[in-house]
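Within every chain, numbering begins at 1; the chains are lettered A, B, ... in the order of the sequence lines, protein sequences first and strands thereafter. This one's a predicted model, so the numbers in the text were calculated from it and none came from an experiment.
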2 protein chains.
Amino acid sequence: MPLTILLVDDEPLVRAGLRAVLEAQPDIEVVGEAADGAAVIPLVRRLRPDVVAMDVRMPLMDGIEATRAVLRTVPDPPKIVVVTTFENDECVYGALRAGADGFLLKRARPAEIVHAMRLVAEGDSLLFPAAVRQLAASYGEDYGNAEARAAMERAALTQREEEVLRLMTRGLSNAEIADRLVVGTETVKSHVSSVLAKLGARDRTQAVITAYESGFVSPG
Amino acid sequence: MPLTILLVDDEPLVRAGLRAVLEAQPDIEVVGEAADGAAVIPLVRRLRPDVVAMDVRMPLMDGIEATRAVLRTVPDPPKIVVVTTFENDECVYGALRAGADGFLLKRARPAEIVHAMRLVAEGDSLLFPAAVRQLAASYGEDYGNAEARAAMERAALTQREEEVLRLMTRGLSNAEIADRLVVGTETVKSHVSSVLAKLGARDRTQAVITAYESGFVSPG
DNA sequence: GTCCGTCTCCCCCGTACGGGGGGAGACCCG
DNA sequence: CGGGTCTCCCCCCGTACGGGGGAGACGGAC
């Protein structure tokens, strides 16, 4: 039986290209296409492809959400290969974390694309060699959401404010932070207020989110 | 001039082993050793090694903190190779994010270790091939803080609760969530309350933190 | 049929939170 | 010296938040 593949990409041109490349192989069959992540789950359920080639950047639901959704909701889910244009696309990382089995550059040569699909279908996770270095490099840059990182930089928090923010990201209340820093709660409140103002956050939750998104603190 | 290396590992045996392997090479010189991350910065400043071989798990200051510290405080910092025992060591990921240039398994063959040091010194980031797959697999497992992940699993949130939590992690208020889900704010409050109860969180901020730490949502 | 879980909505109530002010001492730097 | 920044403290005040408790509707499980 052939290797069945579902293509998910908002650009018809890309889908056509992938289809052409893949269907040139006698043992590979493109069983369906979707233009957005939102449409993926029912298609996967119905078509039960071996592999989903998933674009990361799509209008309604991006590849990361879609990957997560498929893996959570579909029993015995297909392998998922994330397809992207840029080697250092920050989304790739999120997709891998969401459970993608590999990723692939759009500019890869046809033979490489075919090879990647076969490898993944066989259960091999892969990180495309040319991109591994870029991926590693992006780690070095202290990965994070670009806007959030910009917000953190613009913020230019003082030492004390950074300290307070860090404690906020541990889930401490103002009173607890005051206790920890051996200052009054009113002092903490004033620090918190300037942190919120500088980060453009409405409340401490948004500030903590920005801290995570910017890489100011990292999960784990 | 030789390739200079600083060894950082809490186990003398491991340091001895690395030293033996590396110094067998005529062009490699181990210029120093440290037993803990806390001692690294002054040593790096004084010895100015080309590469630091850094254990991830150490008593006082772990390899992640140490890596971050070195890269932040030392001008023109050395390359840092993270050394670990386990392929799926969760710390590895954090170290890479902290700016490590590569990682290496302790069980690697001597030739591989030497090769890795040379590669990194030449400016090549590397992810050791045998470990790449493991790393990718660990992505699939949805990397995150173990306790937080356990908390998320124990929580067993309903579909709606997950949805609400996801919107909380976008920084939305109860009213905004209600608006988004087209339900009443009281409904949202009730969902939020059960999310907090299930996650053992005191407030929405702590819930969002757990969500990030567990990998329920990922920065980026 | 009954039971249970989920989703929905409602009430009251206390408080931690956050906004908006003002003010004071310490420090560095031009 | 004055200006700026950082730090800390205090006030009032409104409200979003979270706890507690209750309840109807739907669905699936038994």
Identify the residue among Met168(B), Arg160(B), Arg204(B) that makes a side-chain contact (heavy atoms from CB on, under 4.5 Å) with Val195(B).
Met168(B)
If you check every side-chain atom of Asn174(A), which of dG18(D), dG18(C), dC8(D) has the closest atom?
dG18(C)
Calculate the interatomic distance between Leu172(A) atom CG and dA16(C) atom P; express it in whole Å.
15 Å
Is any side-chain nitrogen or oxygen of Ser190(A) closer than 4.0 Å to OP1 or OP2 of dC8(D)?
no
Spacing of Glu186(A) atom CD relative to dG18(C) atom P, expressed in whole Å
13 Å
Hits for salt bridge (Lys or Arg N to Asp or Glu O under 4.0 Å) against Lys198(B), two or more places apart or cross-chain, chain-then-number order -> Glu161(B)
Which of these passes side-chain contact (heavy atoms from CB on, under 4.5 Å) with Ile80(B): Val44(B), Val40(B), Leu71(B)?
Leu71(B)
Would you mind telling me which residue lines up with the more 5' stretch of DNA chain C, Val188(B) or Arg202(A), judged by nearest nucleotide?
Val188(B)
Considering only heavy side-chain atoms of Lys189(A), the closest of dG18(C), dC9(C), dC7(C) is dG18(C)
Can you measure Leu196(A) atom CG to dA16(D) atom P for me and round it to whole angstrom units?
16 Å
Nearest of dG18(C), dG18(D), dT8(C) to any side-chain atom of Val183(B)?
dT8(C)
For dC9(C), does either OP1 or OP2 sit under 4.0 Å from a side-chain N or O belonging to Thr187(B)?
yes
According to a strict under-4.0 Å criterion, is Ser193(B) in side-chain N/O contact with OP1 or OP2 of dG18(D)?
no
Among dT6(C), dG18(C), dT7(D), the one nearest any side-chain atom of Gln159(A) is dT7(D)
Does the side chain of Arg160(B) get closer than 4.0 angstrom to OP1 or OP2 of dT8(C) through an N or O atom?
yes
Nearest to the side chain of Arg204(A), heavy atoms from C-beta on, is which of dG18(C), dC9(C), dC17(D)?
dG18(C)
Which whole-number value in Å describes the distance from Gln206(B) CD to dA16(C) P?
14 Å
N-O pairing of Glu163(A) and Arg180(A) below 4.0 Å
no
Rounded to the nearest Å, what distance is computed from the CG atom of residue Asp203(A) to the C1' atom of nucleotide dA16(D)?
9 Å
Separation of Glu161(B) atom CD from dT6(C) atom P, in whole Å?
7 Å
Nucleotide dC17(D), atom P - distance to CE of Met168(B) in whole Å:
11 Å
For Asn174(B) and Thr185(B), does a side-chain donor sit closer than 3.5 Å to a side-chain acceptor?
no
For Glu162(B) and dT6(C), give me the distance from atom CD to atom P, rounded to whole Å.
12 Å
Nearest to the His191(A) side chain among dT7(D), dC8(D), dC9(C), which nucleotide is it?
dC8(D)
